[in-house]
Amino acid sequence: MSEKLKVGILGGTGMVGQRFIALLENHPWFEVTTIAASERSAGKSYKEAVGDRWKMTTPMPEKVKDIIVMNVNEVEKVAAEVDFVFSAVDMTKEEIKKIEEDYAKTETPVVSNNSAHRWTPDVPMVVPEINPEHMKVIDFQRKRLGTERGFVAVKPNCSIQSYAPVLTAWKEFEPYEVVATTYQAISGAGKTFKDWPEMVENIIPYIGGEEEKSEKEPLRIWGEIKDGVIKPAVSPIITCQCIRVPVLNGHTAAVFVKFKKNPTKEQLIEKLVSFKGLPQELKLPSAPKQFVQYLEEDNRPQVKVDVDFENGMGISVGRLREDTVYDWKFVGLSHNTVRGAAGGAVLCAELLKEQGYITKK
């Protein structure tokens with residue numbers, strides 16, 4: 001590709017915004033040219049606006065340090081500078097819905113990490129390996145918005161990445177009842193241990209809104225487009241508990257599954273390790289070569305050892321065994337701010353570019 005697409009990051013000073021900037025540093029297709037944030041950051045260089053709040057383990061990319069941060073609310077002005085934007089703004093749900101649609105109406109595609117539009121019926125919520133066909137609903141959304149190239153697309157919640165791909169790989173065995181408990185890293189709340197000292201050696205058994213998202217969002221991903229909207233699937237039934245644990249990055253899930261059919265352990269593992277999707281076929285820049293790995297050791301997956309599998313874009317599964325109440329149980333692990341947030345959104349943008357939805361202005 002001769003010329004990279006110009007990308008804006010909305011909410012670029014927060015943790016997910018920083019992750020976008022770190023991931024896009026050497027991207028072959030996309031270049032961060034514009035960063036927008038709240039009024040208090042506007043007018044400062046990115047380096048000044050972030051100050052001592054850079055939360056990535058890699059240094060701030062040189063290319064972005066001197067970018068002057070724009071006011072995210074000056075929609076027309078920001079949109080004029082870019083081909084599309086990633087959204088990681090920190091606002092109320094209603095404010096996010098409005099501002100993302102406002103950007104779309106300037107004919108600027110929005111790929112969002114936020115939850116505000118996940119249940120807007122004509123907004124695709126996509127894990128590119130699972131439901132890339134849902135991007136087709138954009139055509140109906142554009143009619144509603146009155147746009148030709150502008151739209152909003154979102155990625156799902158970080159907590160479901162460690163088990164929804166697994167259940168998708170096992171679809172032919174018809175899972176119908178699932179119990180999942182997720183053990184979620186503090187970076188999912190945009191925090192480090194420096195920001196959140198009370199999380200050291202602590203567990204908090206509540207994350208607001210997370211259990212409902214973890215139970216319902218997989219059903220939307222497994223749904224289908226009907227009459228210009230996405231109709232969620234009705235099965236499997238998922239019940240979930242979400243617990244905050246003293247880990248920086250990496251959401252772990254302990255999952256129990258009942259199947260209508262009776263798979264063997266070998267069949268289940270084979271389906272996991274052979275599971276590929278459109279990103280792998282298209283060889284998208286951020287796509288993991290191996291989407292799901294299965295680990296035989298009893299003490300895996302571990303956050304410290306496995307969270308960065310495939311640069312944080314792969315899923316690690318282990319401890320698959322028969323259960324006395326359910327049929328099978330397993331443990332899954334995913335990187336919550338890479339696959340579960342910014343990286344998942346970057347992969348969505350790569351898919352949208354390949355599908356012709358994101359182009360140069």
Side-chain angles (χ1 to χ4, degrees), residues 127 129-131 156-185 203 205 210-222 232-245 247 250-277 280 288 290-307 309-310 313-336 339-340:
V127 176
E129 285 88 350
I130 297 176
N131 60 327
N157 200 42
C158 51
S159 64
I160 73 170
Q161 312 284 336
S162 50
Y163 59 91
V166 177
L167 297 170
T168 306
W170 293 342
K171 199 173 176 182
E172 70 182 74
F173 305 120
E174 297 178 37
Y176 69 94
E177 196 174 297
V178 177
V179 176
T181 302
T182 58
Y183 303 89
Q184 300 188 201
I203 280 177
E210 201 77 357
E211 287 164 0
E212 185 185 12
K213 293 174 193 172
S214 302
E215 292 169 356
K216 302 297 182 195
E217 286 187 17
L219 297 170
R220 189 165 195 257
I221 289 167
W222 296 321
V234 294
S235 174
I237 293 165
I238 302 172
T239 182
C240 198
Q241 292 196 94
C242 299
I243 296 171
R244 191 72 75 192
V245 294
V247 163
H251 287 357
T252 300
V255 185
F256 299 78
V257 191
K258 282 183 180 175
F259 294 101
K260 287 183 181 172
K261 295 184 178 170
N262 191 20
T264 64
K265 183 174 182 178
E266 292 70 28
Q267 284 175 313
L268 292 171
I269 292 171
E270 194 278 324
K271 290 294 175 192
L272 291 181
V273 298
S274 65
F275 184 28
K276 286 182 170 56
Q280 286 71 35
Q290 178 83 34
F291 183 29
V292 184
Q293 69 168 341
Y294 184 76
L295 301 158
E296 298 284 354
E297 299 91 331
D298 287 339
N299 64 349
R300 302 275 290 281
Q302 288 180 29
V303 170
K304 279 196 170 177
V305 183
D306 302 306
V307 78
F309 170 60
E310 290 280 17
M313 289 296 287
I315 313 298
S316 298
V317 177
R319 300 212 69 212
L320 176 65
R321 59 223 191 275
E322 288 191 78
D323 185 56
T324 53
V325 178
Y326 280 66
D327 295 328
W328 292 90
K329 54 191 170 187
F330 69 91
V331 175
L333 170 67
S334 60
H335 195 307
N336 57 295
R339 168 57 78 162

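Since this is a predicted model, take the numbers as computed values, not measurements.
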Using modelled atom types only, decide if a donor and an acceptor are shared between the side chain of [X] and the backbone of [Y] within a distance under 3.5 Å.
| X | Y | result |
| --- | --- | --- |
| W170 | K271 | no |
| Q267 | T264 | yes |
| N157 | K213 | no |
| R321 | R319 | yes |
| Y163 | L333 | no |
| Q290 | E310 | no |
| H251 | S162 | no |
| Q280 | G277 | yes |

Are a donor atom and an acceptor atom from the side chains of T182 and S159 found within less than 3.5 Å of each other? no
Looking only at side-chain N and O atoms, does Q184 offer a donor or acceptor that is under 3.5 Å from a partner on E210? yes
Exercise answer: donor-acceptor pairs, residues 324-331 side-chain atoms, under 3.5 Å, sequence neighbours excluded:
| residue | atom | partner | partner atom | Å |
| --- | --- | --- | --- | --- |
| Y326 | OH | E177 | OE2 | 2.8 |
| D327 | OD2 | F259 | N | 2.7 |
| K329 | NZ | D323 | OD1 | 3.0 |

Quick one: do E129 and R339 make a salt bridge, cutoff under 4.0 Å? yes
Taking every heavy atom of Y294 against every heavy atom of G318, the minimum-distance pair comes out as CE1-CA, 3.7 Å
Considering non-hydrogen atoms only, spot the tightest contact between Q161 and S334 and give its length. CB-OG, 3.6 Å
Determine whether Y183 and V247 make a side-chain contact, defined as any pair of heavy atoms from C-beta on separated by less than 4.5 Å. no
Identify each donor-acceptor pair in which a side-chain atom of residues 297-306 lies under 3.5 Å from a protein atom, sequence neighbours left out, and give them as a table.
| residue | atom | partner | partner atom | Å |
| --- | --- | --- | --- | --- |
| E297 | OE2 | R300 | NH1 | 3.4 |
| R300 | NE | D306 | OD1 | 3.2 |
| R300 | NE | D306 | OD2 | 2.8 |
| R300 | NH2 | D306 | OD1 | 2.7 |
| Q302 | NE2 | N299 | O | 2.9 |
| D306 | OD2 | Q302 | N | 2.7 |

